[in-house]
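Read the structure below first, then the notes.
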Amino acid sequence: MRRRNAGFTLIEAVISLSVASILAGIALPAVHGVAEAGRSGAAKGTLVESWMVSTSHAANTGSEVVLCPGDAGGCRGGIDWSHGWIAFADLDGDRTRSPRETLLKRAEPLGGKVHLRSTAGRTRMVFQPNGSNAGSNITWTLCDGRGPEAAITIVVANNGRLRTGTPTAAAALACMAPM
């Protein structure tokens with residue numbers, strides 16, 4: 001009686017590896033897209049939370065609140081919010097954070113290929129005690145590694161209302177470009 005060896009032949013192993021490679025090639029882009037969508041959604045949620053904290057604090061305390069790209073040390077210039085942002089009570093009205101002004105919210109830098117850019121010239125928002133914001137509307141464009149077609153806008157009107165939308169093709173492409 002012949003005894004059969006358990007195991008794979010070389011041809012079976014090559015076929016198995018080929019099938020596994022094809023499946024991995026199909027699945028990895030989908031997994032990457034899901035991860036980017038998750039990071040982008042988290043960034044949107046954090047921005048909306050920052051808006052809510054800012055408007056609430058301004059209304060409850062009667063003080064102005066500044067929301068700007070930056071870290072605990074203060075605001076950074078520019079329209080790129082991808083490296084994080086802060087909200088603080090602007091007690092002296094100078095739009096700069098001093099050590100005695102309360103830090104209300106600090107958002108960490110965005111992960112993956114997620115970018116958040118504000119309207120040109122809008123490097124910060126100032127929330128008034130009545131719920132409005134000083135200056136003109138601000139529009140953020142939020143994009144990620146899925147490409148410009150997945151980009152969205154988040155708009156805050158002067159009256160403080162928040163809405164989302166679709167960016168122009170040029171704004172979506174600009175969001176994707178490194179700064």
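Because the structure is predicted, anything quoted here is derived from the model rather than measured.
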Check your understanding: Got more than 12 heavy atoms from elsewhere within 6.0 Å of CD1, Ile11?
Key -> no

Point to revise | Donor-acceptor contact below 3.5 Å, side chain Ser56 vs main chain Ser54 | key: no

Check your understanding: In Å and rounded to the nearest 0.5 Å, what is the CH2 to SG distance from Trp85 to Cys68?
Key -> 11.5 Å

Point to revise | Interatomic distance, Leu173 atom CG to Thr168 atom OG1 [nearest 0.5 angstrom] | key: 8.5 Å

Review point. Minimum heavy-atom separation for Arg146 to Gly33, with atom names?
Key: CD-O, 3.4 Å

Review point. Any donor-acceptor pair under 3.5 Å linking the side chain of Thr119 with the backbone of Ile138?
Key: no

Review point. Salt bridge (Lys or Arg N to Asp or Glu O under 4.0 Å) between Lys113 and Asp144: does it pass, once the steps are laid out?
Key: CA-CA 5 Å; Lys113 295 181 180 177; Asp144 58 51; over 6 Å; no

Study note, to complete from the structure: Taken to the nearest 0.5 Å, the spacing of Ile152 CD1 from Ser40 OG works out to 6.0 Å

Exercise for review: Take atom CE of Met52 as the centre, draw a 6.0 Å sphere, and report whether it contains more than 12 heavy atoms from other residues, nucleotides or ligands.
Suggested key: no

Revision key, fill the gap. Between the CZ atom in Arg95 and the CZ atom in Phe88, the distance rounded to the nearest 0.5 Å is 9.0 Å

Check your understanding: For the side chain of Arg117 and the backbone of Cys175, is there at least one donor-acceptor N/O pair under 3.5 Å apart?
Key -> yes

Study note, to complete from the structure: Closest non-hydrogen contact found for Thr141 with Pro167 is CG2-CB, 4.1 Å

Practice item. Could you tell me whether the side chain of Glu36 and the main chain of Gly147 form a donor-acceptor pair under 3.5 Å? Key: no

Study note, to complete from the structure: So CG of Leu17 and CD of Glu12: to nearest 0.5 Å the spacing works out to 12.0 Å

Check your understanding: Arg163 side chain to Thr153 main-chain N or O, any donor-acceptor pair under 3.5 Å?
Key -> no

Check your understanding: side-chain contact (heavy atoms from CB on, under 4.5 Å) between Ile86 and Leu103: does it pass, once the steps are laid out?
Key -> CA-CA 7 Å; Ile86 58 170; Leu103 182 63; 3.7 Å; yes

Review point. For Val66, does its backbone N or O pair with a side-chain atom of Asp90 as donor and acceptor, under 3.5 Å?
Key: no

Exercise for review: Say whether Val48 and Val65 are linked into one hydrophobic cluster, either directly or through other cluster members, by side-chain heavy-atom distances under 4.5 angstrom.
Suggested key: yes

Exercise for review: Verify the cluster assignment for Val53 and Leu162: are they in a single hydrophobic cluster under the rule of side-chain heavy atoms below 4.5 Å apart?
Suggested key: yes

Check your understanding: Is it true that a side-chain atom of Glu101 and a backbone atom of Leu91 form a donor plus acceptor pair closer than 3.5 Å?
Key -> yes

Review point. Can Leu116 and Leu47 be said to form a side-chain contact (heavy atoms from CB on, under 4.5 Å), step by step?
Key: CA-CA 10 Å; Leu116 182 64; Leu47 184 61; 4.1 Å; yes

Check your understanding: Can you check whether Cys75's main-chain N or O pairs, donor with acceptor, with Arg124's side chain at less than 3.5 Å?
Key -> no

Review point. Do Asn133 side-chain atoms and Ala157 backbone N/O form a donor-acceptor pair below 3.5 Å?
Key: yes

Exercise for review: Give the minimum heavy-atom separation between Asn159 and Arg161, together with the two atoms involved.
Suggested key: OD1-N, 3.0 Å

Exercise for review: Flag yes if Leu67 and Val126 sit in one hydrophobic cluster, no otherwise; membership is Ile, Leu, Val, Met, Phe, Trp, Tyr, and two members link when side-chain heavy atoms are under 4.5 Å apart.
Suggested key: no

**Study point:** From CA spacing to verdict: side-chain contact (heavy atoms from CB on, under 4.5 Å), Ile154, Thr139
**Key:** CA-CA 6 Å; Ile154 303 163; Thr139 301; over 6 Å; no

**Study point:** Nearest atoms (heavy-atom pairs only) where Pro69 meets Gly78
**Key:** CG-O, 3.7 Å

Review point. So Trp81 and Ser118, side-chain hydrogen bond (donor to acceptor under 3.5 Å, both in side chains) or not? Walk me through it.
Key: CA-CA 7 Å; Trp81 296 58; Ser118 61; 3.0 Å; yes

Check your understanding: So, for Asp92 and Thr96, which heavy atoms are closest and what is the spacing to 0.1 Å?
Key -> OD1-O, 4.4 Å

Exercise for review: Check the pair Val156 / Trp51 against side-chain contact (heavy atoms from CB on, under 4.5 Å), numbers first and verdict last.
Suggested key: CA-CA 9 Å; Val156 177; Trp51 169 79; 4.0 Å; yes

**Study point:** Smallest separation among heavy atoms of Leu110 and Ala43, with atom names
**Key:** CD2-CB, 3.6 Å

Exercise for review: Dump the intermediate steps for salt bridge (Lys or Arg N to Asp or Glu O under 4.0 Å) on Lys105 and Glu49, then the final yes or no.
Suggested key: CA-CA 9 Å; Lys105 176 76 179 162; Glu49 179 187 3; 3.2 Å; yes

Practice item. Calculate, to the nearest 0.5 Å, the distance between atoms OG and CZ belonging to Ser63 and Phe127 respectively. Key: 12.5 Å

